[in-house]
2 protein chains.
Amino acid sequence: MSTHDALRGLPTLRQVAEAAGVSIKTASRALNDEAHVAPITYERVKKAAAELGYRPNLLARDLRSHRTSNVVAMVIADVSNPFYLAIAYAAGQVLAAQGLLLFTGVSDEDPASEARVISGFLERRVAGLLVVSSRTDHRHLQHHAESRTPTVFLDRPGHGLEVDEVMFDNVGGSRAAIDHLLAQGHRRIGVIGDLGSLPTHRERIAGVRRALAEAEVPIDEGLIITDAHDADGAEAAMRQLLTLPSPPTAVFATNNRMAVGGMRAVADAAHPPALIGFDDVELADVLGVSVVSNSPADMGTVGAEMLLERIHGRAGRRRRVRLPTELVVRRSTATPLE
Amino acid sequence: MSTHDALRGLPTLRQVAEAAGVSIKTASRALNDEAHVAPITYERVKKAAAELGYRPNLLARDLRSHRTSNVVAMVIADVSNPFYLAIAYAAGQVLAAQGLLLFTGVSDEDPASEARVISGFLERRVAGLLVVSSRTDHRHLQHHAESRTPTVFLDRPGHGLEVDEVMFDNVGGSRAAIDHLLAQGHRRIGVIGDLGSLPTHRERIAGVRRALAEAEVPIDEGLIITDAHDADGAEAAMRQLLTLPSPPTAVFATNNRMAVGGMRAVADAAHPPALIGFDDVELADVLGVSVVSNSPADMGTVGAEMLLERIHGRAGRRRRVRLPTELVVRRSTATPLE
DNA sequence: TTGAAAGCGATACCAC
DNA sequence: GTGGTATCGCTTTCAA
């Protein structure tokens, strides 16, 4: 990343060596705590380094060294969603325990931006990569031969790439939500969904359809709204559903953003529809809103562990892990439909 | 960051040059779109690079180049708090517009971890540094001469360092909150505060004391709880306040984590105290909770702009910016005390 | 235990 | 327009 150390005023290994009156190599050995350094020499070098305020230039080290870097990179699509940060946090904890640093970049759900961020990391030769992708095609990674860097995709699959993945049981979670609503007597069930292009969203919608089909409840396409995109969009979607001639008696929001928007829309409603979301939402407990709960922390932990194995040389085919979800029933869906 | 490109199977500039039948230098010129390259040569090099899947080794480039890196680093203390992510997001947008990448590291409110993360970035020679610090002493940065890298501290000051800072008007915001409660007739006002070591917290408490003093309302130290640390701690603190022989009629939560805990504690209360928080909280609108609102997005934007100026060579003394806050009154404090 | 020399992959300077 | 050569700061042989 930049400008000569000399220009920046930072001392180099050579200067430390000169100050200590030893060769560059000996200084290097001492500073890296390698064997075969006389105690006196060791002390002299350490002292000189401390006095000069020496900091190694990791660009030079990593360029030359065969050892693997101590940095793992993570690319996140959307930082406004606490869900992804919980993943990052957990992954960071696992990696830190192994002496690895986790650096994060944001793509803001923009494929071009994602490519830039990933390139920025790969071209700096990070040890591994965790990706929550906003792309539906990742062959560009393969073509650039970049995939030599161990990589794990989180929450969203790596299309066209032979890489490890960790995802939630989206279909199962959605089915649990819908089955619950059906059991409460609901038959007109609305759905507020995120971007139709998102694999998670598609799987969740598939779960909805399957649950309804198995219960032999006819599907009213007018009740399924997609591409709500964010909380504001979801709020509008909910209002739209409620003004229908025959509005739904229950609504399933396919992720936490959708749920937040839904809650806003029914905040002042005299007779709000039953509401259940996917993903946890902070304060959903206070508001008494049911959710299909999942553990982004587990996703981060499992993903980081899988990545570590690859970094440590694990070979073999790609692994695809599905993490379970859990139905959490609260006031918003606790009352059976009369 | 690591391992030879050759070992990784990545092609080097030399291989591209050979494939194109030109010298290394010419290949470099073409790939960097420099002037003085014959169109035919240019095409040949580009084609060779594409076929080989060439990716520049930025370690080597940045090591040699005098140009400044295109990476700015940000260190965040706590990723579980959406507040800091809003800062990061806004900063990233500003930097991206200038072609800079923002990479983020997390310290998890641990001083030692913060030092590791900052070193990891500085030793890779990032172009600039944005820091939300969890340390109360930053002289180690100065001693290590690392501070040659342009740096801006956000939300929390850089103690003992001559660096730019962007903070909120914590004192003013707190005073506005307390003045509002006083105007509503409250005299027994409780406070739920974060770690006493945090400068932001201290300023907010100072604002509380000043407002009470000016109104000549005696301060009951038993109503001021600090070190609640997180939402769970705040919840416990609120319960503690409510079980007091003479409980407060209003409570001020000094940040968003404290506010969330406070809301949880009074969720089922028949006669909850008036409640006002500092920082926005998602769904506070739905729950009707008043807040002292601020703009982490502005903080990120302003901080990034100040950093850019330093990166572009701005000299001069440190600047300390204070961003304003805004009182947002909702149901939780809308009813005057009888 | 220590050091001299080569080299990592790329850019800068200066000839041609 | 093009290419040779030195160099960036550090690690890695291999010899002393």
Side-chain angles (χ1 to χ4, degrees), chain A residues 1-45 49 52-70 122-125 145, chain B residues 1-45 49 52-70 122-125 145:
Chain A
M1 315 187 182
S2 97
T3 67
H4 282 188
D5 284 355
L7 288 185
R8 241 186 196 170
L10 291 179
T12 67
L13 182 59
R14 151 179 248 116
Q15 292 170 43
V16 173
E18 282 171 4
V22 298
S23 78
I24 283 188
K25 179 54 199 158
T26 301
S28 168
R29 266 194 281 257
L31 293 174
N32 287 312
D33 292 321
E34 286 176 26
H36 308 304
V37 179
I40 314 167
T41 314
Y42 180 86
E43 290 305 332
R44 262 221 311 264
V45 173
L52 291 172
Y54 172 75
R55 308 261 66 196
N57 184 327
L58 263 39
L59 297 177
R61 168 182 295 174
D62 290 342
L63 174 60
R64 187 66 182 86
S65 172
H66 279 214
R67 290 183 315 202
T68 193
S69 152
N70 71 333
L122 291 179
E123 287 165 8
R124 286 184 175 79
R125 308 304 190 253
Chain B
M1 320 188 185
S2 94
T3 68
H4 284 186
D5 284 356
L7 289 184
R8 243 187 196 168
L10 291 179
T12 67
L13 183 58
R14 152 181 247 114
Q15 292 170 45
V16 172
E18 281 171 6
V22 299
S23 77
I24 282 188
K25 182 56 199 151
T26 301
S28 168
R29 266 195 281 257
L31 292 174
N32 287 310
D33 293 321
E34 286 176 26
H36 308 304
V37 179
I40 312 166
T41 313
Y42 181 86
E43 289 304 333
R44 263 220 311 262
V45 173
L52 292 173
Y54 172 76
R55 308 262 65 196
N57 184 326
L58 263 39
L59 297 177
R61 168 182 296 175
D62 290 342
L63 175 61
R64 185 65 183 89
S65 172
H66 278 215
R67 290 183 314 202
T68 193
S69 151
N70 71 332
L122 291 179
E123 288 164 7
R124 286 183 174 80
R125 309 302 191 255

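Reminder, nothing fancy here: chain letters follow the sequence lines and each chain counts from 1. Excluded from the calculations below are hydrogen atoms, water molecules and symmetry mates; all remaining heavy atoms, backbone and side chain alike, are included.
For the atom pair B:Thr26 OG1 and B:Leu13 CG, the distance stands at 10.0 Å (nearest 0.5 Å). Note: A:Leu10 CG to B:Glu123 CD = 10.0 Å, rounded to the nearest 0.5 Å. To the nearest 0.5 Å, atoms CD1 (A:Ile40) and CD (A:Glu43) are separated by 9.5 Å. Note: A:Arg29 CZ to A:Ile24 CD1 = 12.5 Å, rounded to the nearest 0.5 Å. Interatomic distance, A:Asn57 CG to B:Leu122 CG, rounded to the nearest 0.5 Å: 11.5 Å. From A:Tyr42, atom OH reaches atom CG of A:Leu31 across 8.5 Å, with rounding to the nearest 0.5 Å.
B:Leu63 places its CG atom 18 Å from the P atom of D:dA6, with the value rounded to the nearest Å. Computed from coordinates, the B:Leu58 CG to C:dA10 P distance equals 9 Å when rounded to whole Å. Atom CG in B:Asp33 sits about 15 Å away from atom P in D:dG1, given to the nearest Å. In this entry the distance linking CG of A:Asn57 with P of D:dT11 reads 10 Å, nearest Å. Rounded to an integer number of Å, the gap from A:Gln15 CD to D:dC10 C1' is 14 Å. Spacing between atom CD of A:Glu123 and atom C1' of C:dA10 amounts to 13 Å, rounded to whole angstrom units. Summarising the geometry, the separation between CG on B:Leu10 and P on C:dA10 is reported as 10 Å, rounded to the nearest angstrom. For the pair A:Arg61 CZ and D:dG9 C1', the interatomic distance rounds to 11 Å; values are reported in whole Å.
A donor-acceptor pair under 3.5 Å is formed between the side chain of B:Arg44 and the backbone N or O of B:Ala20.
A salt bridge links B:Arg124 with A:Asp62: at least one charged nitrogen is closer than 4.0 Å to a carboxylate oxygen.
The shortest non-hydrogen separation linking B:Pro11 to B:Leu52 is CG-O, 3.4 Å. Across B:Arg125 and B:Ser69, no two heavy atoms sit closer than the pair O-CB, 3.7 Å. The two residues A:Ala27 and A:Val22 come nearest to each other via the heavy atoms N-CG2, 4.0 Å.
Within residues 20-32 of chain B, the residues that place at least one heavy atom under 4.0 Å from DNA chain D are, in residue-number order, B:Val22, B:Ser23, B:Lys25, B:Thr26, B:Arg29. Within residues 34-42 of chain B, no residue has any heavy atom under 4.0 Å from DNA chain C.
One end of the helix from C:dT1-D:dA16 to C:dC16-D:dG1 points its axis 30° away from the other end's axis, with each axis taken from 5 pairs and the angle rounded to 10°.
Using a 4.0 Å cut-off, no side-chain N or O of A:Arg64 falls inside it from OP1 or OP2 of C:dG7.
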